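Hydrogens, waters and symmetry mates are skipped; everything else that's a heavy atom, side chains included, is used. In this text, all values refer to a predicted model and were calculated from it rather than measured experimentally.
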Amino acid sequence: MLIFDEPTGNLDLYNEDLIIEEVKKVARKKNVAVLSSMHDMNQSLFMGDKFFFLKDGKIRYSGGEEIITPEVISDIYGISSKIIELDDKKVVLGGKYYEN
């Protein structure tokens, strides 16, 4: 198992993509799982296939990308969001702009 804590933090877009692709390549080649903490949900969606949302030190939600909803985001982060489909992929948009 490979374990990462914010592996793309403070990187530019090119290097974020490079790190994610290399991690995925090594995981496939070595047939190992990857556990990574990430705060960027769009990167998480690109990298992962199972997701865990923690709150107060406990797992509050877990599952596939279907658990990533505006309601879950609001519960965990206390912020409004909108989820759109772009090129058949889920994209999370968030902030005051999306408040009801």
Side-chain angles (χ1 to χ4, degrees):
M1 175 181 274
L2 300 173
I3 301 173
F4 295 96
D5 181 16
E6 294 289 340
T8 59
N10 300 315
L11 296 178
D12 60 59
L13 291 174
Y14 174 82
N15 285 302
E16 286 177 358
D17 188 56
L18 177 67
I19 293 295
I20 290 171
E21 287 301 322
E22 287 300 313
V23 167
K24 288 169 74 172
K25 188 184 333 177
V26 168
R28 280 190 298 270
K29 184 177 180 182
K30 300 288 186 183
N31 196 32
V32 296
V34 176
L35 177 64
S36 181
S37 66
M38 303 179 94
H39 289 92
D40 184 325
M41 278 183 276
N42 292 312
Q43 278 187 353
S44 296
L45 283 163
F46 178 70
M47 186 175 182
D49 56 11
K50 185 157 186 178
F51 306 92
F52 301 90
F53 285 90
L54 285 76
K55 188 169 186 177
D56 301 324
K58 295 183 175 118
I59 296 173
R60 172 106 15 132
Y61 304 95
S62 66
E65 74 173 54
E66 73 279 353
I67 69 160
I68 300 177
T69 65
E71 294 78 21
V72 168
I73 293 166
S74 177
D75 181 42
I76 298 296
Y77 299 106
I79 192 167
S80 297
S81 64
K82 182 176 185 177
I83 298 178
I84 63 170
E85 294 278 329
L86 181 63
D87 297 331
D88 297 322
K89 300 210 184 292
K90 192 180 269 193
V91 177
V92 179
L93 307 170
K96 293 198 179 292
Y97 183 77
Y98 299 103
E99 289 180 353
N100 296 329

*Closest contact, heavy atoms only, Val92 versus Asn42*: N-OD1, 2.7 Å
*Do Met41 and Ile73 come within less than 4.5 Å of each other through their side chains, counting heavy atoms only?*
yes
*In the single-linkage hydrophobic clustering (I, L, V, M, F, W, Y; side-chain heavy atoms under 4.5 Å), do Leu18 and Phe4 co-cluster?*
no
*asked:* Could you tell me if the side chain of Asp40 sits less than 4.5 Å from the side chain of Thr8, heavy atoms only?
replied: no
_Donor-acceptor pair, side chain of Glu66 and main chain of Gly64, under 3.5 angstrom_ = yes
*Starting at CD of Glu71, measure out to OG of Ser80 and round the result to the nearest 0.5 Å.*
10.5 Å
*Nearest heavy atoms of Ser62 and Phe52, plus distance in Å*: CB-CD2, 3.5 Å
*To the nearest 0.5 Å, what is the distance between NZ (Lys89) and CD1 (Ile84)?*
14.0 Å
_Hydrophobic clusters here meaning ILVMFWY residues chained together by side-chain heavy-atom distances under 4.5 Å, can you tell me if Ile67 and Leu54 are in one?_
no
*Hey, what do you get for CD1 (Ile20) to NZ (Lys25), rounding to the nearest 0.5 Å?*
14.0 Å
*Are Leu13 and Met38 connected, step by step, through hydrophobic side chains (Ile, Leu, Val, Met, Phe, Trp, Tyr) whose heavy atoms are closer than 4.5 Å?*
no
_Taking Tyr14's backbone N and O only, do any of them form a donor-acceptor pair with Asp12's side chain (distance below 3.5 Å, no angle check)?_
yes
_Within the supplied structure, the quantity of interest is the number of heavy atoms (other residues, nucleotides, ligands) at a distance under 6.0 Å from Lys82 NZ; does it exceed 12?_
no
*Is the backbone N or O of Glu65 less than 3.5 Å from a side-chain atom of Lys90, with the two atoms forming a donor-acceptor pair by type?*
yes
*Can you find a pair of side-chain heavy atoms, one from Ile76 and one from Arg60, that are under 4.5 Å apart?*
yes
*Output, in order, the C-alpha distance, side-chain angles, deciding distance and verdict of side-chain contact (heavy atoms from CB on, under 4.5 Å) for Asp75 and Tyr61.*
CA-CA 10 Å; Asp75 181 42; Tyr61 304 95; 2.7 Å; yes
*Can you check whether Phe46 reaches Glu21 side chain to side chain, under 4.5 Å on heavy atoms?*
yes
*Should the heavy atoms of other residues, nucleotides or ligands under 6.0 Å from NZ of Lys50 be counted, would the total exceed 12?*
no
*Do Val23 and Leu45 share a hydrophobic cluster, counting only Ile, Leu, Val, Met, Phe, Trp and Tyr and linking them when any side-chain heavy atoms are less than 4.5 Å apart?*
no
*Same cluster for Phe51 and Leu93 if Ile/Leu/Val/Met/Phe/Trp/Tyr side chains link at under 4.5 Å?*
no
*For the residue pair Ser36 and Pro7, what are the closest heavy atoms and their distance?*
OG-CD, 3.3 Å
*Step by step, would you call Met47 with Val34 a side-chain contact (heavy atoms from CB on, under 4.5 Å)?*
CA-CA 9 Å; Met47 186 175 182; Val34 176; 3.8 Å; yes
